[in-house]
Amino acid sequence: MAEAPRPLGESVRCRIAPAPTGYLHVGNARAALYNWLFARHSGGTFVLRIEDTDRVRSTDEAIGIVMGSLRWLGLDWDEGPEVGGPYGPYRQTERLHRYTEVTDRFLAGGSAYACYCTPGELEERRRLARARGEPPGYDGRCRNLSEAERAAFEAEGRQRAVRFAMPEEDVTVHDLIRGEAHFRANDLRDFVILRSDGTPTYLLAAAVDDVQMHMTHVIRGEDLLPSTPRQLKIIEALGAEPPAYAHLPLVVGADRQPLSKRHGSVAVEWFKERGFLPEALVNYLALLGWSYDETTTFFSRDELVDRFDLSRVSHNPAAFDMQKLEWMNGHYIREATDTRLTEVVTEALRGGALVPDPSVVAAAIPLVRERMSTIEEGGRLLRFLFTDDVVPDEKAANAISKAGVGFLREAASRLEAVEDWTAEEIKRVLILFQEDSHMSRRDAFAPIRAAVTGSTVSPPLYESIELLGRDRTLARLRSTGA
RNA sequence: GCCCCCAUCGUCUAGCGGCCCAGGAUAUCGCCCUUUCAAGGCGGAGGCACGGGUUCGAAUCCCGUUGGGGGCACCA
């Protein structure tokens with residue numbers, strides 16, 4: 001039996017159920033976003049559940065990082081750790097007794113059975129099956145053990161795991177995004193639901209929790225599609241109605257391989273540290289596998305909530321495009337307020353071991369906001385203002401040596417005479433100097449910029465010099481190349 | 001090997017039988033602007049994987065091939 005649709009009128013409940021791996025993977029972040037949007041769009045409930053069954057790496061710290069990232073993205077949960085809710089606890093390690101209760105019930109009712117095969121034996125049999133070209137799934141050896149056989153295994157001191165006895169029937173999964181997927185009974189082998197150490201596997205824990213937490217929709221990665229028939233059968237054995245399922249296409253790297261650490265950037269925390277704005281990441285992620293119409297690219301959070309719809313989720317794996325994210329981030333930076341940019345850029349500079357004067361940063365923001373696609377980049381552009389350790393890079397050094405030390409000295413003398421140290425006055429004097437030098441503006445300013453900022457790339461010259469101040473500007477012009 | 005999913009510019013996508021000799025965004029190239037770099041403006045190049053059907057008509061429907069992804073664990 002395939003699952004029946006949920007009764008109409010029931011309010012939506014969906015969830016994100018990350019394993020606390022120590023960071024929030026962008027793929028999970030996107031799944032979280034889609035669930036959150038779906039819940040908010042329908043006025044439903046968004047639940048956070050931590051799937052930490054038996055993992056060593058499941059520490060409070062790791063869970064804290066995941067929650068911090070979700071909050072940074074603005075994905076608040078209505079039920080879950082720290083906020084509570086009627087169906088808690090929301091951490092699987094605190095729900096273990098529920099899984100063993102269910103397992104006992106299955107054991108008693110014949111939906112599951114004890115399996116005494118050791119991991120070594122299983123692996124060997126899998127290998128052989130594969131070699132024979134047969135499906136490598138469990139062969140059902142312990143499914144119908146006699147009392148005597150069981151006693152013998154027990155006497156041997158063998159560990160006991162519990163396996164779910166899959167009904168011998170085909171299963172159809174109704175997916176909200178993909179339609180129907182059919183699975184043949186023969187391909188659905190019995191699987192472990194309770195490990196020999198008494199902890200549940202994902203298949204059991206997720207299914208039990210989804211039922212007990214009254215989830216109406218399960219929106220998750222496509223990698224879980226093949227496990228859905230198993231969960232459907234567990235839920236059926238539970239005597240419950242299954243939720244509706246929607247499997248999202250996976251997020252892959254530029255090489256079409258699953259997005260992993262090899263690609264450099266998979267953790268939401270990485271984007272945060274690197275200077276991406278949460279609204280940019282949210283907007284980008286929303287469009288990575290979903291679209292609204294032919295042309296709309298920018299969506300405010302409210303617009304996303306208003307327009308999000310599972311039927312417009314794409315079916316194919318989406319490659320994460322860092323350049324497009326950076327472009328989008330630049331767009332949001334250009335739209336951000338001066339105060340906010342001052343704050344985050346100041347923070348970024350501090351992170352670079354500098355001691356920025358926030359008022360100087362504030363004055364410099366208009367100079368760099370169009371020149372940075374990340375906050376980190378803004379910090380790099382303004383570095384010369386907050387340290388005197390400015391060593392010209394290769395291109396800058398070339399520009400300087402081409403013009404000669406005398407040229408810089410002369411520029412310093414001209415600037416020294418500026419009475420009113422404003423960009424306007426500095427501009428007037430520098431242009432005069434450039435004209436006298438019979439050089440193009442480009443050629444004349446290059447060495448000055450190089451000496452003052454240490455780079456051939458910088459914010460506009462006059463304003464940069466104004467912000468740097470007379471003394472430091474003259475000092476740099478006079479010491480460079482000497 | 002077996003099972004499942006998928007297939008439009010490099011990338012993300014629009015397209016759900018005629019509006020498409022395929023639209024947008026990004027990336028890329030050129031021009032303009034310009035004190036560098038950006039931003040911005042204008043323009044260019046670039047795609048329906050292939051083969052069969054169905055149809056008056058196919059990017060759109062069906063089948064196959066190829067390709068990509070996922071799964072087949074006492075991971076989640």
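Below, chain A is the first sequence line, B the second, and so on; all start at residue 1. Given the structure is predicted, the values throughout are model-derived calculations rather than measurements.
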* How is A:F183 classified with respect to the nucleic acid when contacts are heavy atoms under 4.0 Å: base, sugar-phosphate, or nothing? -> sugar-phosphate
* Quick one: is the NZ or CZ of A:R30 closer than 6.0 Å to the six-membered ring centre of A:Y34, and within 45° of its axis? -> yes
* Asked: In whole Å, what separates the P atom of B:C12 from that of B:C2?
  -> 29 Å
* Asked: Looking at the side chain of A:D223, which of B:G70, B:A38, B:C74 is the nearest nucleotide?
  -> B:G70
* Contact class for A:R126 (heavy atom, under 4.0 Å): base, sugar-phosphate, or nothing? -> sugar-phosphate
* Is the phosphate of B:C72, meaning OP1 or OP2, less than 4.0 Å from a side-chain N or O of A:R130? -> no
* To do: Tell me, please, which residues at least two apart from A:A363 pass side-chain contact (heavy atoms from CB on, under 4.5 Å).
  => A:L467
* Structure fact -> The nucleotide from B:G71, B:U13, B:C4 with an atom nearest the side chain of A:A181 is B:C4
* On a whole-Å scale, what distance lies between the C1' atoms belonging to B:G46 and B:A25? -> 14 Å
* Taking only the side-chain nitrogens and oxygens of A:R334, find out if one of them lies under 4.0 Å from OP1 or OP2 of B:G40. => yes
* Nucleic acid footprint by protein, nucleotides 24-33 of chain B - heavy-atom cut-off 4.0 Å, B for base, S for sugar-phosphate alone -> SBSS------
* Structure fact -> Partner of B:U28 under the Watson-Crick or G-U wobble criteria, both distances under 3.5 Å, comes out as B:G44
* Is any side-chain N or O of A:S314 closer than 4.0 Å to OP1 or OP2 of B:U13? -> yes
Pairwise N/O distances under 3.5 Å, protein to nucleotides 59-69 of chain B:
from  : atom 1 : to     : atom 2 : distance (Å)
B:G69 : OP1    : A:Q257 : OE1    : 2.4

* Asked: At under 4.0 Å between heavy atoms, what does A:G221 touch on the DNA or RNA strands: base, sugar-phosphate, or nothing?
  -> nothing
* Can a side chain N or O of A:R442 be found less than 4.0 Å away from OP1 or OP2 on B:U36? -> yes
* Structure fact -> Atom CZ of A:F384 and atom C1' of B:U36 are separated, to the nearest Å, by 12 Å
* Set of residues satisfying ring-ring contact (aromatic ring centres under 6.0 Å, His included) with respect to A:F384, sequence neighbours excluded -> none
* B:A76, B:U35, B:C12: which one has an atom nearest the side-chain heavy atoms of A:L461? -> B:U35
* Asked: What's the spacing between A:S196 OG and A:R158 CZ if we round to 0.5 Å?
  -> 12.0 Å
* Asked: Which nucleotide sits closest to the side chain of A:A19: B:A76, B:U35, B:C37?
  -> B:A76
* **side-chain N/O A:R441 vs B:U35 OP1/OP2, d < 4.0 Å** => yes
* Asked: Within 45° of the axis and under 6.0 Å from the centre of the six-membered ring of A:F299, does NZ or CZ of A:R307 qualify?
  -> no
* To do: Looking at every strand, decide which applies to A:R163 at a 4.0 Å heavy-atom threshold: base, sugar-phosphate, or nothing.
  => sugar-phosphate
* To do: Ignoring backbone atoms, establish whether A:S291 has a side-chain N or O less than 4.0 Å from OP1 or OP2 of B:A14.
  => yes
* Asked: What pairs meet the side-chain hydrogen bond (donor to acceptor under 3.5 Å, both in side chains) rule with one or both residues in residues 311-320 of chain A, with sequence neighbours excluded?
  -> A:D309-A:S311, A:S314-A:N316
* Asked: Can you find an N or O donor on one side and an acceptor on the other, under 3.5 Å apart, linking the side chain of A:R178 with the base of B:C5?
  -> no
Could you list the protein-to-nucleotides 41-46 of chain B atom pairs, N/O on both sides, closer than 3.5 Å?
none

* Under the 3.5 Å rule, do the base of B:U13 and the side chain of A:R312 count as making a donor-acceptor pair? -> no
* Got a donor-acceptor pair under 3.5 Å from the side chain of A:S196 to the base of B:C74? -> yes
* **Closest to side chain of A:N316, choosing from B:U36, B:G71, B:U8** => B:U8
* Contact class for A:L225 (heavy atom, under 4.0 Å): base, sugar-phosphate, or nothing? -> sugar-phosphate
